**Student:** 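Take a look at the following structure, please.
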Amino acid sequence: QLQLVESGGGLAQPGGSLRLSCAVSGFSLGYYVIGWFRQAPGKEREGVSCISGSDGTTHYADSVKGRTSIARDTSKNQFTLHLSSVTPEDTAVYYCARNPPGEPLGSYDSWGQGTQVTVSS
């Protein structure tokens, strides 16, 4: 069964860090690009980062570049997103999604249920 399940959200202090995980099942992750997205209340969904399951190539949004890292663990079928120096502007529901092989980047076809991240003192 195809699944993407996010975890690791919660409350973080400004200036702190977060580690989010996306556990995938039902497909071979080595063929897909996995992306992380977020949506804050009243705002459009924003792409945060993505990584190729095959070669580990990564991309980061300008809003998080320099304080974010994305990684894959093919042995665990898991992807992680580490976000540091967080601010209240990082508060959002974070989602992971998969982009099929051979499709243009942005053609995400399956999504997790999301995990809430709140940055507040």
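All figures in this text were calculated on a predicted structure; none of them were measured in a lab. Hydrogens, waters and symmetry mates play no part in the numbers below; they use all other heavy atoms, side chains included.
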**Student:** To the nearest 0.5 Å, what is the distance between CZ on Arg45 and OH on Tyr108?
**Tutor:**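 Going from the CZ atom of Arg45 to the OH atom of Tyr108 covers 10.0 Å.
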
**Student:** What heavy-atom pair brings Ser63 and Glu46 nearest, and what distance separates the two atoms?
**Tutor:**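 Closest heavy-atom pair between Ser63 and Glu46: OG-OE2, 2.7 Å.
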
**Student:** Please tell me whether Phe37 and Tyr94 are part of a single hydrophobic cluster in this structure, the criterion being side-chain heavy atoms less than 4.5 Å apart.
**Tutor:**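 Different clusters: Phe37 never reaches Tyr94 through Ile, Leu, Val, Met, Phe, Trp or Tyr contacts under 4.5 Å.
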
**Student:** Taking the cut-offs as 6.0 angstrom to the six-membered ring centre and 45 degrees off its axis, would you call Arg98 and Phe27 a cation-pi pair?
**Tutor:**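 So Arg98 does make the cation-pi contact.
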
**Student:** If I compare all heavy atoms of Gly9 with all of Leu20, which pair ends up nearest, and what's the gap?
**Tutor:**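 For Gly9 versus Leu20, the nearest heavy atoms are N-CD2, 3.7 Å.
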
**Student:** Got a second to check how far Cys96's SG is from Leu4's CG, nearest 0.5 Å?
**Tutor:**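 Between atom SG of Cys96 and atom CG of Leu4 there are 4.5 Å.
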
**Student:** Looking at Ser17, is its backbone amide N or carbonyl O close enough to the side chain of Arg67 to form a donor-acceptor pair, meaning the two atoms are under 3.5 Å apart?
**Tutor:**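 Looks like no, no N/O pair under 3.5 Å.
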
**Student:** Kindly say whether Ala23 contributes a backbone atom to a donor-acceptor pair with the side chain of Asn77 at under 3.5 angstrom?
**Tutor:**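 A pair under 3.5 Å: no.
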
**Student:** For a quick test of reading the model, state the closest non-hydrogen atom pair linking Ser121 to Pro14 and the distance between them.
**Tutor:**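 Shortest heavy-atom contact: N-CD, 3.7 Å.
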
**Student:** Spell out, yes or no, whether Tyr60 and Val117 are grouped together once hydrophobic residues are joined by side-chain heavy atoms under 4.5 Å, including indirect joins.
**Tutor:**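 Linked within one cluster.
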
**Student:** If you compare all heavy atoms of Cys50 against all heavy atoms of Leu105, which two are closest, and at what distance to 0.1 Å?
**Tutor:**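 So the minimum-distance heavy-atom pair works out to SG-CD2, 4.1 Å.
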
**Student:** In Å and rounded to the nearest 0.5 Å, what is the CD to SG distance from Gln3 to Cys22?
**Tutor:**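 These two atoms lie 10.5 Å from each other.
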
**Student:** Would you mind telling me which of Val64, Thr80, Ile70 makes a side chain to side chain contact (heavy atoms under 4.5 Å, CB included) with Trp36?
**Tutor:**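 Single side chain to side chain contact (heavy atoms under 4.5 Å, CB included) partner of Trp36 among Val64, Thr80, Ile70: Ile70.
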
**Student:** Flag yes if Val93 and Leu83 sit in one hydrophobic cluster, no otherwise; membership is Ile, Leu, Val, Met, Phe, Trp, Tyr, and two members link when side-chain heavy atoms are under 4.5 Å apart.
**Tutor:**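 Different clusters.
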
**Student:** So if you build clusters from Ile, Leu, Val, Met, Phe, Trp, Tyr with side-chain heavy-atom gaps below 4.5 Å, do Leu81 and Leu18 land together?
**Tutor:**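 Yes; tracing contacts between hydrophobic side chains, which count when under 4.5 Å, links both residues.
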
**Student:** Donor-acceptor pair, Ser107 side chain versus Glu103 backbone, under 3.5 Å?
**Tutor:**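 Answer holds: no.
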
**Student:** What is the minimum heavy-atom distance between Tyr32 and Pro101, and which atoms define it?
**Tutor:**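 In terms of heavy atoms, the two residues are closest at CE2-CD, 3.5 Å.
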
**Student:** Look up atom OG in Ser49 and atom CD1 in Ile34, then write down how far apart they are to the nearest 0.5 Å.
**Tutor:**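 Result: 11.5 Å between the selected atoms.
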
**Student:** Indicate the atoms forming the closest heavy-atom contact of Ser54 with Gly30, along with that distance.
**Tutor:**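 Nearest heavy atoms, Ser54 then Gly30: CB-O, 3.1 Å.
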
**Student:** Report whether Tyr31 and Val24 are members of the same hydrophobic cluster (ILVMFWY, side-chain heavy atoms less than 4.5 Å apart, transitive linking).
**Tutor:**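 In one cluster with Tyr31: Val24, yes.
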
**Student:** Does Gln113 offer a backbone N or O that forms a donor-acceptor pair with the side chain of Glu6 under 3.5 Å?
**Tutor:**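 Yes, Glu6 side chain to Gln113 backbone: donor-acceptor pair under 3.5 Å.
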
**Student:** Rounded at 0.5 Å granularity, tell me how far OG1 in Thr58 sits from CZ in Arg72.
**Tutor:**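 It comes to 10.5 Å.
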
**Student:** What's the separation between atom CD in Gln116 and atom CD in Gln39, rounded to the nearest 0.5 Å?
**Tutor:**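 Gln116 atom CD to Gln39 atom CD measures 11.0 Å (nearest 0.5 Å).
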
**Student:** Give a yes or no answer on whether the side chain of Thr91 reaches the backbone of Val119 with a donor-acceptor pair at less than 3.5 Å.
**Tutor:**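 Yes.
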
